[in-house]
Amino acid sequence: SEDVMQQEIEEIFMQEWLLVGRAEQCENPGDYFTHKIGNEPIFIVKEKNGNIQTFANVCRHRGVQVAWDSGNSKYFSCPYHGWVYDTSGKLVEAQFLEKATNFDKSKCSLPRIKTELWEGFIFINFDDGCKPLMDSLNKWDFPRVYEPYAMGRLKMANKFEMEIGCNWKFLNENLTDIYHIAVLHAATFGPYQPLEGYRYERFDGGYHGR
């Protein structure tokens, strides 16, 4: 249902903390990568001061994308009119508008999206009025449950993308169903993941499974 999907985007994806990547994807100033949540294009970049920040990936003039894929750059430029932004989202050049009256470049910075890190994971939230990330993580008991794994010491070794033709909730349901592992995956990794080895802790709104 398109209506249900739109409601999920507005009430979940636009209001909850979302995991978008790892800090090592932005190790050096200018390192960036792009992403899209629903219909919202974004890019995550390490600013000159070392802060990792997320911006709306849309030029303030005509809404054209200013960053593509991933890489390292000191500036991000709109291909339509050539407006140029630095790694802090500040508009540093607007071609042919030097003599424009009542034009204030300082008011044309890229929209900043709330960004916080936990153990090397980058989280964002489109809701400016949201509570801090740790409020949610503590509510879900993340720090205690996952402390033994020392996730802050992890490094991304590989990345791959999959486009799956299904409702996003089906994927979640499949990944939380360990019952099928002993049957469907019996000839591959199933024997190495005995069902009796799984542990679960439930909390309000979800569970931890290990």
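Hydrogens, waters and symmetry mates play no part in the numbers below; they use all other heavy atoms, side chains included.
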Please confirm whether the backbone N or O of [Y] pairs with a side-chain atom of [X], one donor and one acceptor, at under 3.5 Å?
{"X": "Lys46", "Y": "Cys26", "answer": "yes"}
{"X": "Glu116", "Y": "Phe123", "answer": "no"}
{"X": "Ser109", "Y": "Lys107", "answer": "no"}
{"X": "Thr87", "Y": "Gly30", "answer": "no"}
{"X": "Asn138", "Y": "Asp141", "answer": "no"}
{"X": "Arg60", "Y": "Cys108", "answer": "no"}
{"X": "Asp31", "Y": "Asn28", "answer": "yes"}
{"X": "Trp118", "Y": "Gly152", "answer": "no"}
{"X": "His185", "Y": "Ala182", "answer": "no"}
{"X": "Asn57", "Y": "Ala67", "answer": "yes"}

Can you give me the closest heavy-atom contact between [X] and [Y], atom names plus distance?
{"X": "Lys131", "Y": "Trp17", "answer": "O-NE1, 2.9 Å"}
{"X": "Asn125", "Y": "Gln15", "answer": "ND2-O, 3.3 Å"}
{"X": "Val58", "Y": "Leu110", "answer": "O-CD2, 3.2 Å"}
{"X": "Val64", "Y": "Cys78", "answer": "CB-SG, 3.8 Å"}
{"X": "Pro143", "Y": "Leu137", "answer": "CD-O, 3.4 Å"}
{"X": "Val84", "Y": "Leu91", "answer": "O-CD1, 3.3 Å"}

Residue Phe189 excluded, over 12 heavy atoms near CZ under 6.0 Å: yes

Over 12 non-hydrogen atoms of neighbours within 6.0 angstrom of NZ in Lys169: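 Above 12, so yes.
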
Report yes if some heavy atom in the side chain of [X] is under 4.5 Å from a heavy atom in the side chain of [Y]; otherwise report no.
{"X": "Gln6", "Y": "Glu2", "value": "no"}
{"X": "Ile52", "Y": "Val45", "value": "no"}
{"X": "Trp68", "Y": "Pro79", "value": "yes"}
{"X": "Val66", "Y": "Ser77", "value": "no"}
{"X": "Cys59", "Y": "Tyr85", "value": "yes"}
{"X": "Glu27", "Y": "Lys155", "value": "yes"}
{"X": "Phe33", "Y": "Ile122", "value": "yes"}
{"X": "Ser73", "Y": "Tyr32", "value": "yes"}

Salt bridge (charged side-chain N to carboxylate O under 4.0 Å, His left out) against Glu47, all qualifying residues, sequence neighbours excluded: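 Counting only residues at least two positions away or on another chain, Glu47 forms a salt bridge (charged side-chain N to carboxylate O under 4.0 Å, His left out) with Arg112.
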
Steps toward salt bridge (charged side-chain N to carboxylate O under 4.0 Å, His left out) verdict (Glu201, Arg210): CA-CA 9 Å; Glu201 295 180 41; Arg210 290 171 288 165; 2.6 Å; yes

We want to know whether [X] and [Y] form a side-chain donor-acceptor pair, criterion being a heavy-atom distance below 3.5 angstrom.
{"X": "Gln193", "Y": "Tyr198", "value": "yes"}
{"X": "Ser106", "Y": "Asp104", "value": "yes"}
{"X": "Trp168", "Y": "Glu8", "value": "yes"}

Cluster overlap [X] with [Y], hydrophobic side-chain contacts below 4.5 Å:
{"X": "Leu19", "Y": "Phe142", "result": "yes"}
{"X": "Leu133", "Y": "Phe203", "result": "yes"}
{"X": "Met156", "Y": "Leu117", "result": "no"}
{"X": "Met134", "Y": "Trp140", "result": "yes"}
{"X": "Met5", "Y": "Ile37", "result": "yes"}

Whether Phe76 and Phe43 hold their rings parallel, tilted or perpendicular, with breakpoints at 30° and 60°: tilted

Ring geometry between Tyr200 and Tyr207 (parallel below 30°, tilted from 30 to 60°, perpendicular above 60°):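 If you compare the ring of Tyr207 with that of Tyr200, the planes turn out tilted.
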
Roughly how far, to the nearest 0.5 Å, is the [atom2] atom of [Y] from the [atom1] atom of [X]?
{"X": "Leu97", "Y": "Lys105", "atom1": "CG", "atom2": "NZ", "answer": "9.5 Å"}
{"X": "Cys166", "Y": "Glu173", "atom1": "SG", "atom2": "CD", "answer": "9.5 Å"}
{"X": "Asp86", "Y": "Lys48", "atom1": "CG", "atom2": "NZ", "answer": "6.5 Å"}
{"X": "Ile124", "Y": "Glu16", "atom1": "CD1", "atom2": "CD", "answer": "12.5 Å"}

Trace of the side chain to side chain contact (heavy atoms under 4.5 Å, CB included) decision for Phe126 with Ile42: CA-CA 10 Å; Phe126 289 97; Ile42 61 173; 4.0 Å; yes

Evaluation steps, side chain to side chain contact (heavy atoms under 4.5 Å, CB included), between Met151 and Tyr146: CA-CA 8 Å; Met151 291 184 171; Tyr146 297 104; 3.8 Å; yes

Derivation and outcome, side chain to side chain contact (heavy atoms under 4.5 Å, CB included), residues Ile9 and Met14: CA-CA 6 Å; Ile9 290 175; Met14 294 294 113; 4.1 Å; yes

Trp83/Phe103 under ring pair (Phe, Tyr, Trp, His ring centres under 6.0 Å): CA gap, chis, key distance, verdict: CA-CA 13 Å; Trp83 284 28; Phe103 178 69; 5.7 Å; yes

Lys/Arg cation over aromatic Phe121: Arg22, 6.0 Å, 45° cone: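 Yes, Arg22 sits over the ring of Phe121.
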
Criterion side chain to side chain contact (heavy atoms under 4.5 Å, CB included) on Leu175 and Leu171, from CA distance to verdict: CA-CA 6 Å; Leu175 293 176; Leu171 181 60; 4.2 Å; yes

Output field: ring centroids Phe96/His81 closer than 6.0 Å: no

